[in-house]
Amino acid sequence: MAKTIISDLDLQDKKVLMRVDFNVPVSNGVVGDDNRIVAALPTINYVIEHGGKAILFSHLGRIKSEDDKEGLSLRPVAEKLSKLIEKPVTFVPATEGKQLEDAINNMNDGEIVLVENTRYEDVVNGEQVKRESGNDPKLGEYWASLGDCFVNDAFGTAHRAHASNVGIAKAMEAAGKPVAGGFLIEKEIKFLGDAVNNPERPFVAILGGAKVSDKIGVIDHLLEKADKIIIGGGMTYTFYAAMGHEIGNSLVEKDKIEVAKNILDKAGDKLVLPVDSVVAPKFDNNVETQVVGEDIPDGQMALDIGPKSVELFENVLKTAKTVVWNGPMGVFEMSNFAKGTLAIGKFLGDLKEATTIVGGGDSTAAVKELGVSDKLTHISTGGGASLAYLEGDTLPGIAALSDK
């Protein structure tokens, strides 16, 4: 990675501004899944072990009104972080002003401050102004003025240009202060970058999810890189429609049928589609299901891949040396239609001598539910960011880091 990394910096006595991704589920003041907090610990620990002052910025949820701020404070996250890192964490319930400045200026080396939800800045005096998510340069400059260097370790927001990542980075660079990536960003780019640009072959991509429109760019980009692309999920049936199959009441993007035809023409035998589906008369977990072939009967909707498709996909995957998986094979949130996704997750967990990378909420949830997370090479912390990376896009949060 030709970008400056935190290990390239001298942190002793420095105020280290750090963008982390603490956008975690919080209910009744309690953090649910703490994986994103845990993922940031190596970089936070590195700062405090090397004599720096760690000043952490993160967003939490979306703020569109003053009412949204209630329940989206980072205070419970500060408490959770303190337990995980086994050190005090000072929470500052402000995003700018004297209270924040005093808290930072009074820090000793090795101490940690967590700033209030950066998206509080999206609503000021009841008006939605999007200072944070709109990358207001003045806000980026203000935050940059609070520290000596900036470390971005929030891969989950790297595909967005916000004041707390790109804004701070640009202002820091303009002031001649160093801007670096954290260890999580370094890890994400290494695994995703190597998988796409320098894979050990055969390289197989598994793409699921509801819509072809969400994955057109990814499919196009990966057709040039992958040996096989397995398609699952709702977008299967737009491809089926393009092939002339009956699709019953299954999800279809009629305006993307021509796009699907073009992809099929270009892909040749690289694209691997399901050969059977689990169908039901309505979108409901408690109705009778049946397995059908490539034509979906009238009055039925396809909600998962069938057993022959699982077998087909496993045959493609068994010789793979690099696998990237993004998106579910069916309606994963309903137990009767999660079997295809879970079968693929289990197979990847048992795949020997292969680099296996998973990104995306449902596919990540599947491997965790199966307890095979530790058997996979890498689980990405950023669904949207990993998708953008697989699409070949430039990620603003990565581009804004200083070059080595």
Side-chain angles (χ1 to χ4, degrees), residues 1-8 39 42-43 152-159 180-208 215-231 263 266-272 313-327 344-345 347-360 363-364 367 372-404:
M1 184 171 165
K3 295 288 185 179
T4 302
I5 295 301
I6 187 169
S7 50
D8 299 320
T43 306
N152 188 0
D153 208 30
F155 183 72
T157 59
H159 59 313
F183 295 129
L184 179 59
I185 287 249
E186 181 184 37
K187 185 180 175 189
E188 294 274 12
I189 295 305
K190 177 190 184 314
F191 282 113
L192 285 169
D194 284 356
V196 175
N197 299 315
N198 189 31
E200 190 178 351
R201 297 190 181 277
F203 168 30
V204 180
I206 310 168
L207 300 176
K215 303 277 167 78
I216 292 168
V218 180
I219 295 169
D220 260 350
H221 187 61
L222 291 183
L223 276 176
E224 300 169 10
K225 308 275 189 178
D227 297 294
K228 294 285 183 184
I229 299 177
I230 291 171
I231 300 289
I263 290 171
K266 187 160 70 169
D269 66 354
K270 273 195 177 186
L271 217 60
V272 184
F313 293 173
E314 288 178 353
N315 278 330
V316 173
L317 289 165
K318 68 184 180 184
T319 58
K321 293 298 182 189
T322 305
V323 181
V324 174
W325 180 20
N326 188 292
I344 296 302
F347 191 82
L348 288 186
D350 293 335
L351 200 58
K352 306 297 183 200
E353 297 175 12
T355 299
T356 47
I357 299 162
V358 176
S363 29
T364 300
V367 297
V372 298
S373 302
D374 58 341
K375 294 182 180 179
L376 300 167
T377 312
H378 180 62
I379 297 176
S380 179
T381 55
S386 61
L387 207 56
Y389 198 89
L390 294 175
E391 199 167 329
D393 291 350
T394 298
L395 304 188
I398 308 291
L401 303 177
S402 301
D403 293 324
K404 277 195 177 178

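Keep in mind that this is a model prediction, so the values were computed, not measured.
Applying the salt bridge (Lys or Arg N to Asp or Glu O under 4.0 Å) rule to pairs touching residues 193-202 yields Lys190-Asp194, Arg201-Asp227, sequence neighbours excluded.
When every heavy atom of Ala39 is checked against every heavy atom of Leu184, the shortest pair comes out as CB-CD2, 3.9 Å.
The shortest side-chain heavy-atom distance between Lys321 and Pro202 falls under the 4.5 Å cut-off. Contact annotation: the side chain of His159 never approaches that of Ile398 to less than 4.5 Å [non-hydrogen atoms, C-beta and beyond]. In this structure, the side chains of Asp153 and Glu186 stay at 4.5 Å or more apart for every pair of heavy atoms. For the pair Thr356 and Trp325, the minimum side-chain heavy-atom distance is 4.5 Å or more. Looking at Val218 and Asn326, their side chains never come closer than 4.5 Å, going by heavy atoms from C-beta outward. Here the side chains of Lys270 and Ile229 are not in contact, with every heavy-atom distance at 4.5 Å or above.
Atom OG1 of Thr355 sits about 11.5 Å away from atom NE2 of His378, to the nearest 0.5 Å. Of the inter-residue distances, the one linking Phe155 atom CZ with Thr381 atom OG1 reads 6.5 Å to the nearest 0.5 angstrom. To the nearest 0.5 angstrom, Thr4 atom OG1 is 13.0 Å from Asn152 atom CG. Between Ile185 atom CD1 and Ile6 atom CD1 the span is 11.5 Å, to the nearest 0.5 Å. Rounding to the nearest 0.5 Å places NZ of Lys266 at 6.0 Å from CG of Leu223. Lys228 contributes atom NZ, which lies 11.5 Å from atom CG of Asn315 (distance to the nearest 0.5 angstrom).
Within the 3.5 Å criterion, the main-chain N or O of Lys352 finds no donor-acceptor partner in the side chain of Lys375. Listed for the Thr43 side chain is a donor-acceptor partner under 3.5 Å among the backbone atoms of Phe183.
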Practice task
Would you please test Ile206 and Phe313 for side-chain contact (heavy atoms from CB on, under 4.5 Å) and show each step?
Solution key: CA-CA 9 Å; Ile206 310 168; Phe313 293 173; 5.9 Å; no
Handout entry: Chi angles and distances behind the side-chain contact (heavy atoms from CB on, under 4.5 Å) call for His221, Val196
Key = CA-CA 9 Å; His221 187 61; Val196 175; 4.0 Å; yes
Practice task
Kindly determine whether Val372 and Leu348 satisfy side-chain contact (heavy atoms from CB on, under 4.5 Å), including the steps that lead there.
Solution key: CA-CA 8 Å; Val372 298; Leu348 288 186; over 6 Å; no
Practice task
Check the pair Ile230, Leu317 against side-chain contact (heavy atoms from CB on, under 4.5 Å), reporting the backbone distance first and the verdict last.
Solution key: CA-CA 9 Å; Ile230 291 171; Leu317 289 165; 4.0 Å; yes
Mind listing the side-chain donor-acceptor pairs of residues 387-396 below 3.5 Å, one per line with the distance, residues two or more places apart or on another chain?
none

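Taking Glu224 as the reference, nothing meets the salt bridge (charged side-chain N to carboxylate O under 4.0 Å, His left out) condition, with sequence neighbours excluded.
Side-chain contact check for Glu188 and Ser386: no donor-acceptor pair (N or O, by modelled atom type) lies under 3.5 Å.
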